Amino acid sequence: MKDYTNDTPEFSEIIKILETTDPGHADILNEPLKKLFQNTLVIRDAIQELIQDLSALQTEFGDHTHSADDITSGTLAVERGGNGGYILGIENGVPYVEKIEQGENNG
């Protein structure tokens, strides 16, 4: 076996699954595994960006901690210098993160 790496992973919304009629060649067997691995890398990179952005916010605004009972609804837009950003929100006590692409108008 050899190592598989990808410096520019792309997220795939569709992953092909093997069928009993597919030949057992490595090119066919590895295709869905590569896509799943790339999806994992994309998600990992997005989480790392979010952690950096949140760390920068904490540095800028200080450490203000709240319990889940304190906050039930609200949003915070985090821009990344014209490179898009995130909307961090809580709706009915459930947190969510929405990515804003560069040039996207959300307001």
Side-chain angles (χ1 to χ4, degrees):
M1 280 196 236
K2 65 178 185 175
D3 290 341
Y4 171 74
T5 60
N6 190 322
D7 293 332
T8 56
E10 293 183 23
F11 191 84
S12 298
E13 301 243 354
I14 297 172
I15 305 292
K16 292 184 178 188
I17 59 172
L18 300 173
E19 298 186 60
T20 56
T21 57
D22 290 332
H25 191 275
D27 288 343
I28 293 176
L29 298 175
N30 286 331
E31 181 184 347
L33 298 174
K34 287 179 179 180
K35 285 190 176 190
L36 290 170
F37 180 66
Q38 287 187 53
N39 285 359
T40 301
L41 292 176
V42 169
I43 292 168
R44 181 205 60 191
D45 292 346
I47 290 171
Q48 287 176 340
E49 279 184 33
L50 183 57
I51 288 170
Q52 289 174 350
D53 291 344
L54 291 174
S55 179
L57 275 177
Q58 185 176 12
T59 300
E60 185 175 343
F61 295 107
D63 185 16
H64 300 285
T65 56
H66 300 278
S67 72
D69 295 334
D70 295 336
I71 303 171
T72 57
S73 295
T75 60
L76 170 65
V78 181
E79 294 187 36
R80 295 172 38 232
N83 294 322
Y86 299 93
I87 295 177
L88 310 174
I90 298 177
E91 188 169 321
N92 299 320
V94 179
Y96 65 90
V97 178
E98 180 181 333
K99 187 169 185 176
I100 304 168
E101 298 297 332
Q102 182 176 355
E104 189 174 322
N105 186 357
N106 285 302

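Just so you know, these numbers come straight off a predicted model, no measurement behind them.
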- Message: Quick check against the 3.5 Å criterion: does Gln38 have a side-chain atom that pairs as donor or acceptor with the backbone of Pro9?
- Response: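 No: the side chain of Gln38 does not pair with the backbone of Pro9.
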
- Query: Can you list the other members of the hydrophobic cluster that holds Leu41, where links are side-chain heavy atoms under 4.5 angstrom apart?
  - Reply: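 Leu41 shares its hydrophobic cluster with Tyr4, Phe37.
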
Taking distance alone, no hydrogens or angles, what donor-acceptor pairs closer than 3.5 Å link side-chain atoms of residues 12-32 to residues at least two apart or in another chain?
| residue | atom | partner | partner atom | Å |
| --- | --- | --- | --- | --- |
| Asp22 | OD2 | Glu19 | N | 2.8 |
| His25 | ND1 | Asp27 | N | 3.0 |
| Asn30 | ND2 | Ala26 | O | 3.2 |

- Message: Is it the case that over 12 heavy atoms from other parts of the model lie below 6.0 angstrom from the CD atom of Gln48?
- Response: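 Counting neighbours around CD of Gln48, more than 12 heavy atoms of other residues, nucleotides or ligands fall under 6.0 Å, so yes.
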
- What is the minimum heavy-atom distance between Phe11 and Val42, and which atoms define it?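 Closest pair (atom of Phe11, atom of Val42, distance): N-CG2, 3.7 Å.
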
